Amino acid sequence: MTASIKNFLMGATVAASMSAIASSPAIATTLKPSNVQFSTHNGLPQIETYLFGNPPAVETVNGIQRQVLNDVSRNDVGKAIQALTDNSSATNVELWYRSETPQRVGFTANLGTNTLKVESVTRADWADGVLATAWLNGFRNNYSSLMASIATAGGSNMLNDFNTNFDTLVGHLRTNGFDVAGDPNIGDVTYNDQTGQLKVDLVGHLDVAGRYVDTRPQIEIRQGTNRIMVNNPNLGIGRSPDFNRNATGNVFLDNALFALSQKAFQTNQRLQFSEIAKVTFNDDVNYAFAFAATDSGAIAGNRNRINDSTSHTGIYTWTKNYPTNPPTSVPEPSTILGLVAVGGLFAAGRKANQKA
């Protein structure tokens with residue numbers, strides 16, 4: 001083979017390898033929070049963390065086997081970081097556990113070169129009406145069919161009444177917020193550095209109907225000096241023991257939540273909505289919440305076992321896509337090996353030319 005043909009073939013090989021480098025896409029990386037720093041209120045981070053015990057415990061709840069989040073701690077930053085960075089969306093950290101009127105607490109972190117802040121939601125976040133409008137619109141969009149199926153006075157239905165009262169509801173939330181939804185449990189935060197998708201998993205109830213209507217199959221009563229379990233006479237028709245704790249303070253909205261919970265329970269449907277987190281990605285502020293959940297396979301170990309069979313059973317996922325810089329081309333390993341081979345060809349070619 002002549003030297004000119006050898007040179008041509010080697011040149012073609014190099015061109016093909018360089019073309020592969022140019023066209024090879026960057027490998028996407030799913031980033032988890034790093035450099036996590038928690039803020040404090042009155043000198044404490046005001047966080048409660050839920051992890052699985054070691055060894056993990058399993059409990060059968062309503063006929064379903066669930067892993068128990070029984071390693072529960074307060075104000076332990078190390079365990080909170082573990083919950084945020086492990087490979088489970090069920091393990092989580094609650095922002096503000098002290099009361100149902102959240103103060104501003106949370107954490108900052110890095111996601112690659114991006115900065116992230118995740119915080120509890122206070123009444124100040126509702127004041128401009130943006131969050132109130134978005135939440136009520138989301139609620140209506142997800143439960144319009146269920147609301148339309150509930151008849152109300154004057155031959156109307158709940159959906160029509162909801163629409164009529166919409167501006168009043170916005171006004172109420174602007175002033176009073178929705179306090180019980182402002183102390184979110186953050187299960188997982190990830191960022192895809194190629195697609196630009198930020199994902200926040202919020203841990204809550206797989207079915208929130210039990211927060212408004214009494215869904216306990218049995219209740220505990222006192223009989224003499226003993227406590228016994230009996231069938232619940234208010235099953236599906238009475239208010240939940242947790243109703244007042246989870247109420248909004250607006251009569252119409254609270255009655256709507258109760259009626260929707262009743263209807264959902266009676267028709268074997270789930271009522272779902274998450275708590276709310278304030279999320280600041282670089283300088284962009286959003287509020288993370290969702291109206292659909294997947295089963296976490298877990299349950300809170302410190303729940304009230306008589307009244308609560310759904311704490312931490314649901315994972316609500318919120319996502320937002322952010323613009324990304326054009327990805328830097330990174331050669332695949334096979335391409336790098338090809339270049340090494342090409343380099344060997346060049347070296348062999350030079351030796352052959354020198355001998356010639």
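Treat the numbers as computed from the prediction; the structure is a model and nothing was measured.
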Sub-3.5 Å donor-acceptor pair from the side chain of [X] to the main-chain atoms of [Y], do we have one?
X	Y	answer
D193	T29	yes
N137	A134	no
D201	G187	no
T324	G196	no
D254	T248	yes
Q272	A293	yes
R66	E59	no
D214	L235	no
N192	T30	no
R211	N246	no

Find out if a path of hydrophobic residues (ILVMFWY) with successive side-chain heavy-atom gaps under 4.5 Å connects [X] to [Y].
X	Y	answer
V208	F265	no
I276	V105	yes
Y97	L84	no

Practice prompt. Scan W318, W135, Y316 and name whichever one has a ring-ring contact (aromatic ring centres under 6.0 Å, His included) with F273.
Written response: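 So, applying the ring-ring contact (aromatic ring centres under 6.0 Å, His included) to F273 and each of W318, W135, Y316, only W135 qualifies.
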Discussion item. Counting only heavy atoms from other residues, nucleotides and ligands, does the tally under 6.0 Å from NZ of K32 exceed 12?
Written reply: yes
Worksheet item: Are F38 and F107 near enough that their ring centres are under 6.0 Å apart?
Response: yes
Worksheet entry | pair T115-N110: side-chain heavy atoms closer than 4.5 Å |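 Yes; the side chains approach each other to less than 4.5 Å.
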Item to complete: Sequence neighbours left out, what passes salt bridge (Lys or Arg N to Asp or Glu O under 4.0 Å) with D161? Give chain and number order.
Response: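 For D161, no residue satisfies salt bridge (Lys or Arg N to Asp or Glu O under 4.0 Å) once neighbours in sequence are set aside.
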Discussion item. Once salt bridge (Lys or Arg N to Asp or Glu O under 4.0 Å) is applied, do any residues pair with R239, and if so which ones, sequence neighbours excluded?
Written reply: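 Salt bridge (Lys or Arg N to Asp or Glu O under 4.0 Å) check on R239 returns nothing, list empty.
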Worksheet entry | Lys/Arg-Asp/Glu bridge criterion (N-O < 4.0 Å) met for R74, E48 |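 E48 and R74: salt-bridged.
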Worksheet entry | Sequence neighbours excluded - ring pair (Phe, Tyr, Trp, His ring centres under 6.0 Å) pairs with any residue from residues 183-205 | Y191-F281
Discussion item. Can you see whether N92 engages E94 through a side-chain donor-acceptor pair at a distance of less than 3.5 angstrom?
Written reply: no
Worksheet item: For the atom pair CG (L206) and OG1 (T310), what is the distance rounded to the nearest 0.5 Å?
Response: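 Going from CG on L206 over to OG1 on T310, the span is 8.0 Å.
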Item to complete: Take the angle between the ring planes of F162 and F252 and call it parallel below 30°, perpendicular above 60°, tilted in between.
Response: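 Rings of F162 and F252: tilted, 30 to 60°.
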